[in-house]
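This report concerns only the one structure given below.
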Amino acid sequence: MSNVSTNPALNRIEQLLDDHSFVELGALVTSRNTDFDLSQDQTPSDGVVIGHGLIDGNLVFVFCQDPSVLNGSIGEMHAKKIMSVYDMAMKMGAPIIGLLDSTGIRLQESVDAMESLGAIYSKAVAASGVIPQIMGVFGNCGGGLSVLTSISDFTVMSESGKLFVNAPNTIPGNREEKEDTAAATYQYNVAGNVDFIGQDADVFEKVRQLVCILPGCNVEEGCVEDCVDDLNRASVLDGKCKDIALFAQEISDNNLFVETKAGYAKDMMTGFIKLNGITIGVVGNREESDQKEQGGQLTADGCEKAADFINFCDAFDIPLLSLTNVAGYQHTLDSEARISRALGKMTYAFANASVPKISFVIGQAVGSAYILMNSKSLGADLVYAYADAKIAPMDATLAAKIMYEGADASVLAEKTTEFENSNCGVVNAARRGYVDRIVEPADTRKYLIAGFEMLFTKRVDGPYKKHGTK
């Protein structure tokens with residue numbers, strides 16, 4: 001093995017994996033192309049290091065581009081090495097991790113390099129839903145190579161990395177000094193293409209967290225391990241319903257919570273917890289500081305973020321928990337152009353998912369926005385709610401004004417009370433069979449564990465179809 005102090009690719013791999021666990025493969029592969037003064041001694045390993053190793057004892061396959069060899073550019077043999085490690089990962093049923101640092105296709109290899117990049121895309125698509133794919137951006141990842149991060153399941157990024165389709169200075173009306181669209185902060189907070197950013201060591205730790213909480217492949221029936229936490233531990237949730245990242249952390253085994261895309265569409269939280277050793281995907285509405293009176297709202301970005309996460313969980317047999325605290329939809333001109341399609345994607349994802357699904361109403365659940373958050377009618381196997389949760393088709397005052405338009409104040413007040421008593425509230429929903437159990441906050445963890453244990457052997461046989469269209 002090469003000295004890690006002189007090889008940036010090996011150095012990164014060694015930082016990521018368990019000590020002394022990496023086994024390099026294909027180390028002697030070089031470029032076959034000799035055009036434009038290329039020679040084999042200029043392309044050791046053809047600019048990419050591949051192999052297998054361990055993360056906390058879990059088998060993983062890794063490829064890492066070497067910027068010291070032709071700037072990590074992609075040529076024919078470079079691509080074949082990446083495809084070979086994809087093949088091994090799928091055969092073994094283990095995650096694949098790509099550490100990207102490249103200027104893109106190798107110009108000296110012309111169309112061969114372009115077609116090689118396309119072959120990598122094809123292999124990543126074939127692996128989608130079979131094994132988890134995690135990409136890390138540590139240097140340049142531009143143009144066509146950036147597509148690989150979107151095909152993958154999770155993308156993490158060093159603060160010094162650059163991720164872009166078009167470089168900032170090539171965008172009309174923009175300069176890098178005005179808006180660095182390739183920067184990690186832009187991709188994390190604005191574009192929503194990245195799950196985590198940080199220093200290199202923090203990024204490696206995030207990858208390790210993901211590997212340890214995810215199944216190795218789609219035939220493992222989820223991810224289950226021993227639990228050492230108290231199954232009947234009381235949940236201390238005071239004030240945590242407004243920031244459900246804290247809520248999720250509180251109910252999880254040993255308070256483990258791995259959030260995804262935390263910087264993007266913050267109104268919708270997605271991430272992974274453990275309940276009695278079972279990995280659970282969590283989707284929920286987060287109240288923003290300017291919405292304390294009306295609860296959260298569904299947004300286009302938030303719904304698309306949720307839909308992608310739900311689809312991943314369903315592909316890998318990871319049960320789903322939805323935490324509902326929503327009062328309606330974002331209503332702006334920009335939102336109106338996209339929100340219907342985004343709502344459709346999230347609705348489809350929830351209804352189509354065949355994994356165990358529990359819906360928990362922890363705050364407001366008003367109107368059709370509530371229905372879209374994994375309600376009983378969309379296929380939730382169990383629906384829990386707190387006694388003080390607000391489940392209603394509409395705000396009672398507004399409903400009275402619509403039904404009795406033009407009536408005087410005393411009539412409106414009477415009808416508001418009547419509507420509130422007969423059509424709103426958790427008890428009314430429970431009487432109609434839409435809430436299975438009213439739960440005390442302290443018992444949240446206990447009942448969720450019991451619910452998912454009961455659903456562990458769930459099987460669904462739907463109508464035959466090749467695939468849906470959303």
Side-chain angles (χ1 to χ4, degrees), residues 16-21 52-61 89 92-97 130-132 134 153-154 195-196 204-237 240 244-260 270-284 309 312-323 353-358 360 381-382 384 439 442-459:
L16 171 65
L17 301 182
D18 294 350
D19 291 343
H20 312 299
S21 71
H52 59 85
L54 302 174
I55 289 181
D56 198 22
N58 298 289
L59 176 65
V60 295
F61 289 83
M92 299 303 109
I96 187 163
I97 303 167
V130 178
I131 55 172
I134 303 171
D153 300 307
F154 303 99
D195 291 277
F196 178 81
F204 291 132
E205 180 57 31
K206 189 69 172 183
V207 174
R208 292 179 64 88
Q209 283 185 344
L210 284 169
V211 168
C212 292
I213 206 166
L214 297 175
C217 64
N218 63 340
V219 296
E220 289 188 8
E221 297 186 340
C223 181
V224 182
E225 58 188 22
D226 292 337
C227 174
V228 296
D229 199 356
D230 182 1
L231 303 186
N232 295 312
R233 169 169 57 83
S235 303
V236 182
L237 297 169
K240 294 177 181 176
I244 52 173
L246 297 177
F247 185 105
Q249 186 179 53
E250 172 62 27
I251 63 175
S252 181
D253 296 350
N254 304 114
N255 304 120
L256 174 64
F257 174 56
V258 180
E259 188 169 1
T260 61
T270 58
F272 300 102
I273 63 173
K274 286 279 189 181
L275 290 174
N276 193 18
I278 302 173
T279 294
I280 307 292
V282 184
V283 178
F309 182 80
F312 173 84
C313 290
D314 190 45
F316 289 93
D317 286 325
I318 298 173
L320 281 164
L321 168 65
S322 61
L323 301 174
S354 60
V355 294
K357 294 179 287 188
I358 295 180
F360 208 129
D381 300 296
L382 292 171
Y384 296 150
V439 175
D443 295 330
T444 300
R445 172 175 160 83
K446 179 177 70 174
Y447 280 107
L448 286 175
I449 288 173
F452 280 117
E453 282 188 343
M454 181 272 291
L455 294 167
F456 190 74
T457 55
K458 175 185 175 182
R459 293 291 183 270

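Although no hydrogens or angles enter the test, the distance criterion places no donor-acceptor pair under 3.5 Å between the side chain of Arg445 and the main chain of Leu275. Put simply, the side chain of Asp229 gets close to the backbone of Asn254: a donor and an acceptor are under 3.5 Å apart. In this structure, Asn255 contributes its side chain and Gln249 its backbone to a donor-acceptor pair below 3.5 Å.
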Taking it one step at a time, do Arg459 and Glu221 satisfy salt bridge (charged side-chain N to carboxylate O under 4.0 Å, His left out)? CA-CA 11 Å; Arg459 293 291 183 270; Glu221 297 186 340; 3.5 Å; yes

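Taking the six-membered ring for Trp and thresholds of 30 and 60 degrees, Phe309 and Phe272 have ring planes inclined between 30 and 60 degrees apart.
Among all heavy-atom pairs drawn from Leu455 and Pro356, the shortest one is O-CG, 3.3 Å. Across Ile131 and Gly216, no two heavy atoms sit closer than the pair CG2-O, 3.8 Å. The minimum heavy-atom distance between Ile273 and Ala248, with the atom names listed, is CG2-O, 3.6 Å. Taking each heavy atom of Leu382 and Met454 in turn, the nearest pair found is CD1-CE, 3.8 Å. Asp253 and Cys227 make their closest contact through OD2-SG, 3.4 Å (heavy atoms, listed as atom of the first residue, atom of the second, distance).
A salt bridge links Glu250 with Arg233: the distance from a Lys NZ or Arg NE/NH1/NH2 to an Asp or Glu carboxylate oxygen falls below 4.0 Å.
For an aromatic pair to be called close, the ring centres must be under 6.0 Å apart, and Phe312 with Phe154 satisfies this.
Looking at Lys274 and Thr279, their side chains do bring a donor and an acceptor atom within 3.5 Å of each other.
When each of Ile97, Val60, Ile213, Asp18 is tested with Arg208 by the rule side chain to side chain contact (heavy atoms under 4.5 Å, CB included), just one qualifies, namely Asp18.
Side-chain contact between Phe360 and Leu321 is present, with heavy atoms from C-beta onward closer than 4.5 Å.
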